[in-house]
**Student:** 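Okay, handing you the structure first.
Throughout, a chain's letter reflects where its sequence line sits, starting with A, and its residues are numbered from 1.
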Number of protein chains: 2
Amino acid sequence: MDELVDHIRALISEGGLKVGDSLPTEKELCERFGAGRNTVREAMRMLKTYGVVKVRPKIGAVIIDERMARAFDLFSFNTLEVSRETFVDIQGFRSLLEVASFETLFDKVTARDIADLHQVNRELLNAKTAVDASEVDFRFHTRLVAVMGNKAILDVYKIMKPVIMKIMLKAKTLHTFSTVTYAEHAEIVDTLERRDRTAYQYKMKSHLDAGFRHFVD
Amino acid sequence: MDELVDHIRALISEGGLKVGDSLPTEKELCERFGAGRNTVREAMRMLKTYGVVKVRPKIGAVIIDERMARAFDLFSFNTLEVSRETFVDIQGFRSLLEVASFETLFDKVTARDIADLHQVNRELLNAKTAVDASEVDFRFHTRLVAVMGNKAILDVYKIMKPVIMKIMLKAKTLHTFSTVTYAEHAEIVDTLERRDRTAYQYKMKSHLDAGFRHFVD
DNA sequence: CACCCTTATTGTTGGACAAATAAAGGATAA
DNA sequence: TTATCCTTTATTTGTCCAACAATAAGGGTG
């Protein structure tokens with residue numbers, strides 16, 4: 001089965017197929033790889049959930065690239081309780097991306113970045129619900145990570161959104177967001193603007209830890 | 001179909017099922033939702049590729065949470081034609097994961113880690129081809145990242161493997177691997193063992209930059 | 001151009017058998 | 001008797017096949 005998926009993937013990459021191109025029909029795939037139609041269908045179902053192909057009746061399978069969207073889907077179903085280990089790992093990852101990255105951050109940050117960060121942070125005061133506030137909170141941190149100008153890092157950060165938002169929501173009330181969180185963000189942006197390495201690391205680390213401390217229970 | 005997936009997801013969340021619990025058998029799901037077995041199987045296949053369930057014959061479907069690993073599987077496709085920006089971004093990411101992470105590394109590193117790193121590095125001397133050597137090279141760096149004990153970070157690093165290996169291969173010959181690379185690795189492990197922060201950062205940064213410098217053309 | 005018909009392809013169902021494996025039962029030895 | 005190992009059995013998933021429904025492109029007709 002996994003072998004069949006690999007075959008089809010090889011068909012795509014080695015065949016030089018690009019987004020928009022069509023794959024052979026199910027029947028042809030059956031013949032080419034000597035598999036039953038159900039097996040081929042399950043393989044295609046996997047590629048479909050990966051966001052690599054789009055299948056429609058009569059049309060067939062067309063190559064797409066919606067993997068990023070699928071990655072979000074993955075974590076959007078909160079039906080599953082995120083394991084404690086995952087939480088700890090994600091928080092450690094954030095610490096690396098937002099605290100340990102300070103050299104790059106300080107190197108790349110511009111006045112525009114500072115202004116944007118302040119503005120996003122101000123939106124925290126207008127949030128009507130805790131969920132709204134956590135959305136803004138996440139936008140703030142995303143904007144900070146974006147300062148580095150590294151798309152790979154930014155994509156990874158965005159994928160972690162659902163888990164990060166759970167951490168935020170678990171730790172804070174609407175009131176906390178508009179007071180404590182707002183003030184901490186403001187301080188962080190200030191240290192960034194002043195290029196104060198020590199203060200930045202201290203403030204950001206405290207900020208992340210604070211959000212996480214309540215969660216440990 | 002998507003409806004059926006939603007049903008099963010509801011079954012998990014509303015049934016309060018947790019990681020380790022079992023789902024009903026395919027037959028039961030067919031009866032409960034009035035669907036054919038192949039349809040149920042395709043729905044389960046989706047959940048499987050999401051990393052939410054693990055299915056084994058006779059055992060049935062058990063709930064797991066490997067979504068993080070799956071999310072990064074998504075990007076193991078299409079390593080063809082990596083753009084220059086991607087290369088630069090990945091290299092920046094590596095710098096974050098391997099250099100800027102030194103605090104965590106120094107905090108977590110054990111004698112076992114040091115021994116493993118030395119052993120992997122020694123394998124570099126036995127490599128027969130440049131491709132073999134780059135495999136070992138990647139294993140060395142993976143083992144280093146693994147020291148942090150963070151599964152999310154390790155998963156991300158593994159995804160970047162195809163791109164990282166391209167960088168390694170482009171920069172080095174078999175001879176370079178067994179002389180320069182081997183020596184640099186050994187030095188890095190030594191600084192890690194001595195907990196020499198300054199030297200570690202300098203050596204590792206130089207090592208990564210050296211591998212990348214030849215690539216910029 | 002609008003409409004209908006044909007036809008090819010995917011979507012779903014049911015049934016059959018193979019493969020895997022947990023559970024039950026039986027044989028053997030201490 | 002008890003424990004251990006092996007065999008058998010039963011259940012569940014894995015794969016295949018055949019049939020029909022649903023969908024939509026393409027062609028023919030007015």
Side-chain angles (χ1 to χ4, degrees), chain A residues 1-13 15 17-67 69-70 73 77 79-80, chain B residues 1-12 15-67 69-70 73 77:
Chain A
M1 173 76 255
D2 295 322
E3 198 182 337
L4 181 55
V5 175
D6 289 340
H7 280 151
I8 300 178
R9 279 173 52 172
L11 194 65
I12 294 174
S13 54
L17 297 183
K18 301 218 184 304
V19 170
D21 293 342
S22 292
L23 256 62
T25 65
E26 291 178 353
K27 210 175 89 182
E28 280 181 278
L29 291 174
C30 292
E31 290 162 2
R32 188 187 304 231
F33 299 119
R37 196 172 152 225
N38 287 83
T39 309
V40 167
R41 280 187 62 80
E42 289 197 24
M44 293 302 293
R45 178 67 68 179
M46 289 182 70
L47 294 176
K48 228 170 121 178
T49 73
Y50 273 137
V52 172
V53 301
K54 176 177 188 170
V55 183
R56 280 178 305 170
K58 172 71 184 177
I59 308 292
V62 178
I63 297 180
I64 60 177
D65 188 3
E66 293 180 354
R67 290 177 292 170
R70 294 301 163 174
D73 289 356
F77 54 93
T79 66
L80 209 53
Chain B
M1 172 76 258
D2 296 322
E3 197 182 338
L4 181 55
V5 175
D6 289 341
H7 280 151
I8 299 177
R9 277 171 49 176
L11 193 66
I12 295 174
L17 297 183
K18 299 211 186 312
V19 170
D21 294 343
S22 293
L23 257 61
T25 65
E26 291 178 351
K27 209 174 91 183
E28 278 181 279
L29 291 174
C30 292
E31 290 162 3
R32 189 188 303 233
F33 300 119
R37 197 175 148 223
N38 287 328
T39 310
V40 168
R41 281 188 61 79
E42 288 196 25
M44 294 301 293
R45 176 69 67 181
M46 289 183 70
L47 294 176
K48 233 169 114 178
T49 71
Y50 274 140
V52 171
V53 302
K54 175 177 186 166
V55 182
R56 281 178 305 171
K58 170 72 182 180
I59 309 290
V62 178
I63 298 179
I64 59 176
D65 185 5
E66 291 181 356
R67 289 178 292 172
R70 294 299 159 208
D73 277 2
F77 291 99

**Student:** Name the first nucleotide and the last nucleotide along DNA chain D (5' to 3') that come under 4.0 Å of a heavy atom in chain A.
**Tutor:**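 Taking any atom under 4.0 Å from a heavy atom of chain A, the span is dT15(D) to dA25(D).
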
**Student:** Check whether any side-chain heavy atom of M1(A) sits under 4.5 Å from a side-chain heavy atom of R45(B), and report yes or no.
**Tutor:**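 Touching, per the 4.5 Å side-chain cut-off.
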
**Student:** Under 4.5 Å between any side-chain heavy atoms of E42(A) and L4(A), yes or no?
**Tutor:**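 With C-beta onward as the side chain, the pair stays apart.
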
**Student:** Between atom CE in M1(A) and atom P in dA20(C), what is the gap in whole Å?
**Tutor:**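 Taking CE of M1(A) and P of dA20(C), I get 16 Å after rounding.
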
**Student:** Would you name the heavy atoms of A43(B) and I8(B) that are closest together and state the gap between them?
**Tutor:**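 That would be CB-CD1, 4.1 Å.
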
**Student:** Taking DNA chain D as the partner, which of residues 53-60 of chain B come within under 4.0 angstrom of it by heavy atom?
**Tutor:**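 Residues of residues 53-60 of chain B under 4.0 Å from DNA chain D: V55(B), R56(B), P57(B), K58(B), G60(B).
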
**Student:** Check the phosphate of dT9(C) against T25(A), side-chain N and O only, distance under 4.0 Å to OP1 or OP2. Yes or no?
**Tutor:**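 Answer no for this pair, as no side-chain N or O of T25(A) is under 4.0 Å from OP1 or OP2.
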
**Student:** Let me know the distance between CZ of R37(A) and P of dT13(C), rounded to the nearest Å.
**Tutor:**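 About 13 Å, once rounded to whole Å.
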
**Student:** Give me the atom names and distance for the closest heavy-atom approach of D21(B) to G16(B).
**Tutor:**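 Heavy-atom minimum between the residues: OD2-O, 4.4 Å.
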
**Student:** Could you check whether any side-chain heavy atom of L23(A) comes within less than 4.5 Å of a side-chain heavy atom of M44(A), counting everything from C-beta outward?
**Tutor:**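 L23(A) vs M44(A): side chains touch.
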
**Student:** Which donor-acceptor pairs under 3.5 Å do the side chains of residues 51-63 of chain A make with protein atoms, sequence neighbours left out?
**Tutor:**
none

**Student:** Check the distance between dG15(C)'s C1' and K27(B)'s NZ and give it to me in whole angstrom.
**Tutor:**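 Rounding to the nearest Å, NZ of K27(B) and C1' of dG15(C) are 14 Å apart.
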
**Student:** Rounded to whole Å, please give me the gap between CZ in R41(B) and P in dT13(C).
**Tutor:**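 About 15 Å, once rounded to whole Å.
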
**Student:** Give me the atom names and distance for the closest heavy-atom approach of R67(B) to Y50(B).
**Tutor:**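 Of all heavy-atom pairs spanning R67(B) and Y50(B), the closest is CG-O, 3.2 Å.
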
**Student:** Rounding to an integer number of Å, can you tell me how far E31(A) CD sits from dT9(C) P?
**Tutor:**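 My rounded result for the distance is 11 Å.
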
**Student:** Starting from C1' on dT10(C), measure out to CG on N38(B) and report it in whole angstrom.
**Tutor:**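 The answer, rounded to whole Å, is 14 Å.
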
**Student:** Please find the pair of heavy atoms, one from R9(A) and one from L47(A), that lie closest to each other, and give the distance.
**Tutor:**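 That would be CG-CD2, 4.1 Å.
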
